[in-house]
Amino acid sequence: GACPMAMPIKREDPWFWLRDDKRQDQEILNHLRSENAYTEQETAHLQKFREELYAEHLSHLQETDDGPAHRHGPWFYYTRTVE
């Protein structure tokens, strides 16, 4: 950083206990599943709106597309999105 000898900044992270990089801790996974179920329950009345919004979003996109090729050394690279 700009001042490498400055005192470190201490930050509190109340959600650090949810960190599970290997996705194997059953306590954390069960907690997240219950949170997701609660969210689904509380937002169920928005399902039709979500579907309409998603359909409108897709109507403005070209889902299958090829980008122009560009050379990098002897090779050509391009991007492709597929529906």
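What you see is a predicted model; the values in this text were computed from it and never measured. Atoms considered below: every heavy atom in the structure, side chains included; atoms not considered: hydrogens, waters and symmetry mates.
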Go through it in stages, so that I can follow the logic: the residues are Tyr77 and Trp75, the test is side chain to side chain contact (heavy atoms under 4.5 Å, CB included), and I'd like the CA-CA distance, side-chain angles, deciding distance and then a yes or no. CA-CA 7 Å; Tyr77 294 89; Trp75 310 102; 3.7 Å; yes
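Judged as a side-chain contact (heavy atoms from CB on, under 4.5 Å), and not counting sequence neighbours, Ala55 has no contacts. Qualifying salt bridge (Lys or Arg N to Asp or Glu O under 4.0 Å) partners for Glu52, counting only residues two or more places apart in sequence or in other chains: Lys48. Residues satisfying the side-chain contact (heavy atoms from CB on, under 4.5 Å) test with Lys22, not counting sequence neighbours, are Asp20, Gln24. Every residue meeting the side-chain contact (heavy atoms from CB on, under 4.5 Å) condition with Gln47, not counting sequence neighbours, appears here in chain and number order: Arg50, Glu51. Under the rule for a salt bridge (Lys or Arg N to Asp or Glu O under 4.0 Å), the partners of Arg19 that lie at least two apart in sequence or sit in another chain are Asp21.
Contacts classified as salt bridge (charged side-chain N to carboxylate O under 4.0 Å, His left out) and involving residues 25-41 (residues at least two apart or in different chains) are not found. The stretch residues 54-74 participates, sequence neighbours left out, in these side chain to side chain donor-acceptor pair (under 3.5 Å) pairs: Asp66-Arg80. For residues 15-46, the ring pair (Phe, Tyr, Trp, His ring centres under 6.0 Å) pairs, not counting sequence neighbours, are Trp17-His31.
A pairwise comparison of heavy atoms in Ala69 and Tyr78 identifies CA-CB, 3.9 Å as the closest pair.
Clustering of Ile, Leu, Val, Met, Phe, Trp and Tyr by side-chain heavy atoms under 4.5 Å joins Val82 with none of the others. In the hydrophobic clustering (ILVMFWY side chains linked at under 4.5 Å, chained through shared members), Leu53 is joined by Phe49.
The shortest distance between side-chain heavy atoms of Arg11 and Ile9 falls below 4.5 Å.
Taken from CD in Glu83 to CG in Leu58, the straight-line distance is 8.0 Å, to the nearest 0.5 Å.
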